[in-house]
Amino acid sequence: MKSLLTIVACIFLLGACSNLPKKMPEDFNFVLKYGYEARDIVNTYENTYTKNMIEDEDITIELVLTDNEKEAIYKEMRKADILASAEKSSESTCSDPHQENELTLTLDGETYEREWITSYCGKRADRKLKKFTEFIHTEIISKKNEYNRLPEASGGYD
């Protein structure tokens with residue numbers, strides 16, 4: 001019986017693990033800088049996206065996220081427990097180059113800031129954060145027509 005109660009308690013705690021409100025607040029907005037040198041930037045305050053052009057000057061375009069897209073991003077932030085995970089992420093780089101991330105987030109009139117590196121050190125927080133940034137880029141940004149009209153970046157990272 002004790003083990004059953006322990007399992008039920010664990011399931012409850014896992015479901016309630018996010019420190020974000022369950023419902024997306026009306027004032028939800030964010031700036032996420034991600035990728036190498038944190039030069040790819042999604043900014044919902046100003047409805048812009050900046051693409052890292054590597055060797056050339058970065059390009060900033062107007063990019064408006066729909067309410068459904070913002071809701072999906074918010075759900076992914078909750079799933080990643082974004083505020084806590086960012087504080088638990090690796091502090092050392094396990095690969096070079098590594099991805100840098102900066103998040104400014106507004107919820108219910110409060111502004112939060114977090115920074116983390118994606119260094120693949122194997123920590124659970126790192127994996128959650130990597131999945132979150134991949135979701136933003138592959139499931140939201142790269143599917144937008146405005147993004148697909150941007151030129152390819154020149155050069156690369158070693």
Side-chain angles (χ1 to χ4, degrees), residues 18-21 23-158:
S18 180
N19 49 14
L20 300 180
K23 185 175 186 258
M24 183 180 84
E26 288 188 28
D27 67 344
F28 170 65
N29 276 296
F30 65 93
V31 174
L32 175 66
K33 299 177 181 183
Y34 65 99
Y36 297 103
E37 301 176 337
R39 288 173 46 195
D40 290 297
I41 305 167
V42 181
N43 183 333
T44 65
Y45 297 97
E46 297 180 3
N47 294 315
T48 60
Y49 174 77
T50 301
K51 181 176 180 178
N52 176 355
M53 298 304 290
I54 305 172
E55 291 180 2
D56 296 329
E57 188 173 328
D58 294 347
I59 298 173
T60 300
I61 60 169
E62 181 177 3
L63 188 85
V64 178
L65 299 181
T66 67
D67 290 340
N68 287 341
E69 289 167 334
K70 285 178 74 174
E71 184 76 42
I73 290 168
Y74 185 78
K75 286 179 183 175
E76 288 298 313
M77 284 184 178
R78 280 186 45 79
K79 189 188 301 184
D81 195 13
I82 197 80
L83 296 177
S85 293
E87 290 185 338
K88 296 175 188 173
S89 66
S90 297
E91 294 180 11
S92 62
T93 58
C94 297
S95 62
D96 197 29
H98 59 276
Q99 296 183 13
E100 299 173 16
N101 308 274
E102 299 173 21
L103 176 67
T104 301
L105 173 65
T106 298
L107 301 164
D108 291 328
E110 295 287 326
T111 300
Y112 303 89
E113 294 183 0
R114 296 293 188 272
E115 293 183 15
W116 68 92
I117 56 175
T118 304
S119 59
Y120 311 103
C121 292
K123 292 178 83 172
R124 183 174 179 196
D126 292 355
R127 290 190 303 270
K128 288 168 112 178
L129 294 165
K130 179 65 177 160
K131 283 180 75 172
F132 168 70
T133 55
E134 286 176 347
F135 172 82
I136 294 261
H137 190 77
T138 60
E139 297 300 319
I140 304 292
I141 302 301
S142 68
K143 292 184 176 183
K144 303 286 271 182
N145 290 331
E146 300 92 332
Y147 174 82
N148 288 310
R149 288 193 290 266
L150 289 169
E152 291 294 318
S154 61
Y157 292 98
D158 296 328

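- Looking at N101, its side chain never comes within 3.5 Å of a backbone N or O of E115 through a donor-acceptor pair.
- Distance alone, capped at 3.5 Å, is enough to place a donor-acceptor pair between the N148 side chain and the S142 backbone.
- A salt bridge links E69 with K144: the distance from a Lys NZ or Arg NE/NH1/NH2 to an Asp or Glu carboxylate oxygen falls below 4.0 Å.
- For D56, the salt bridge (charged side-chain N to carboxylate O under 4.0 Å, His left out) criterion is met by no residue, not counting sequence neighbours.
- By the ring pair (Phe, Tyr, Trp, His ring centres under 6.0 Å) test, F135 pairs with no residue at all, sequence neighbours left out.
- Remark: the backbone N or O of L103 is not paired with any side-chain donor or acceptor of R114 at under 3.5 angstrom.
- T50 pairs with exactly one of D58, L63, I61 by the side chain to side chain contact (heavy atoms under 4.5 Å, CB included) rule, that one being D58.
- Remark: E71 pairs with no residue by the salt bridge (charged side-chain N to carboxylate O under 4.0 Å, His left out) rule, at least two apart or across chains.
- Side-chain contact between N29 and L105 is absent, with no heavy-atom pair separated by less than 4.5 Å.
- For H137 and Y147, the ring centers sit closer than 6.0 Å to each other.
- At distances below 3.5 Å, at least one donor-acceptor pair connects side-chain atoms of T133 with backbone N or O atoms of K130.
- Side-chain contact check for K33 and N43: no donor-acceptor pair (N or O, by modelled atom type) lies under 3.5 Å.
- Judged by distance alone, the side chain of R39 and the main-chain N or O of I54 form a donor-acceptor pair under 3.5 Å.
- With sequence neighbours excluded, the residues satisfying side-chain contact (heavy atoms from CB on, under 4.5 Å) with D27 are P25, T106, D108.
- Take K75 and apply the salt bridge (charged side-chain N to carboxylate O under 4.0 Å, His left out) test, not counting sequence neighbours, and it matches no residue.
- For E113, the side-chain contact (heavy atoms from CB on, under 4.5 Å) criterion is met by T104, not counting sequence neighbours.
- Once rounded to the nearest 0.5 Å, the distance linking NZ of K70 with CD1 of I140 reads 12.0 Å.
- In terms of modelled atom types and a separation under 3.5 Å, the side chain of K51 and the main chain of P151 share a donor-acceptor contact.
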